[in-house]
Enquirer: 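Could you have a look at this structure, given as structure tokens, before my questions?
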Amino acid sequence: MAVSLGEVLAALDARYDPALAESWDAVGLVCGDRDEPVRRVLFAVDPTADVVDEVIETGADLLVTHHPLFLTPVHGVPADDAKGRLVHRLVRAGAALFVAHTNADRAPGCGVNDALAAVLGLRNTQPLERLDDPRAGLGRVGELERPVPLREFAALVAAALPVTVGGVRSAGDPEQVVRRVAVCGGSGGSLMDVAAAAGADVLLTSDLKHHSVSEWQQSMRMSVCDVAHFASEWPWLPVASELLERDMSGRIEASVSRRRTDPWTARVGQSEEPAEPSAG
Ligand SMILES: [Zn+2]
């Protein structure tokens, strides 16, 4: 018997409680009819035009993305606007769009941060941010099975996450031993103090800024590792996809988008260990 969109969304809400989302966030159903049947579901980090191409090519009935298409209110979705056009294309293809954002970050056990911690092999993980539910919250902190120098940790991160133009950058002594690791998928720079207070040797996150990294390096309290925002959240996709298939007892087919939605497209002038600055 066909599964309705409403049933699939109920299963997603049960895993990624919308009540966990930040007050400024925009999660839930963007477009779609809860009474329509769903056979195929595609998971992606971003609702880009490329990903919508893939939805149409694969005949998916539902696109689940981590990032919202609309984070700020709009008064219309005209097709001559880039985002409005995506809504038109999805509706015309009979595909729904659903967003699980900060609720998926905070979700206990199967969220963005658990998935990131899991691909790095962290054990005994706990949220960095404490909510009423002790297992839910932003970020995770846990232990590596075997302590490694920071440079080896960065290589481990590079091997565990999707390859991106920006690669993996670290700030700290390359020989510093890393055992306790804090992670935060997406922009987790605001969790530096919390990660240090949790005893982390390194914080892995994305979108870190010059001044905050520089100040941390001066204080020598904790190393940081910066990866592409897309790469830090990608590990959630296979976790959520497999879990949804299981929750729906195999009555739907779920898969992960093959499109790389990291917006960076090229890089030049990189160096493994930069020398003194000069005009190049
Ligand atoms: Zn994000």
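Each ligand, and each atom within it, is numbered from 1 in the order the structure gives. Computed from a predicted structure; not experimentally measured.
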Enquirer: If the cut-off is 2.8 Å, does any N/O/S atom of H229 fall short of it from the Zn ion (ligand 1)?
Expert: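 So H229 does bind the Zn ion (ligand 1) by this criterion.
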
Enquirer: Would the number of heavy atoms belonging to other residues, nucleotides or ligands and lying under 6.0 Å from CZ of R259 be above 12?
Expert: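 Buried by this count: over 12 neighbours within 6.0 Å.
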
Enquirer: If we ignore hydrogens and angles and just use 3.5 Å, is the side chain of D262 paired with the main-chain N or O of T164 as donor and acceptor?
Expert: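 The answer is no, because no donor-acceptor pair under 3.5 Å joins these two groups.
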
Enquirer: Is a donor on one side and an acceptor on the other found under 3.5 Å between the side chain of R179 and the backbone of V148?
Expert: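 It does not hold such a pair.
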
Enquirer: Taking just the N, O or S atoms of E233, which one is nearest to the Zn ion (ligand 1)?
Expert: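 Atom name returned: OE2.
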
Enquirer: Evaluate the side-chain hydrogen bond (donor to acceptor under 3.5 Å, both in side chains) criterion for residues E22 and H101: first the C-alpha distance (whole Å), next the side-chain angles of each, then the deciding distance (0.1 Å), finally the verdict.
Expert: CA-CA 9 Å; E22 300 270 8; H101 190 209; over 6 Å; no

Enquirer: Would you say the Zn ion (ligand 1) has H67 as a near neighbour, meaning an N/O/S atom of that residue under 2.8 Å away?
Expert: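 It does: H67 brings an N, O or S atom closer than 2.8 Å to the Zn ion (ligand 1).
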
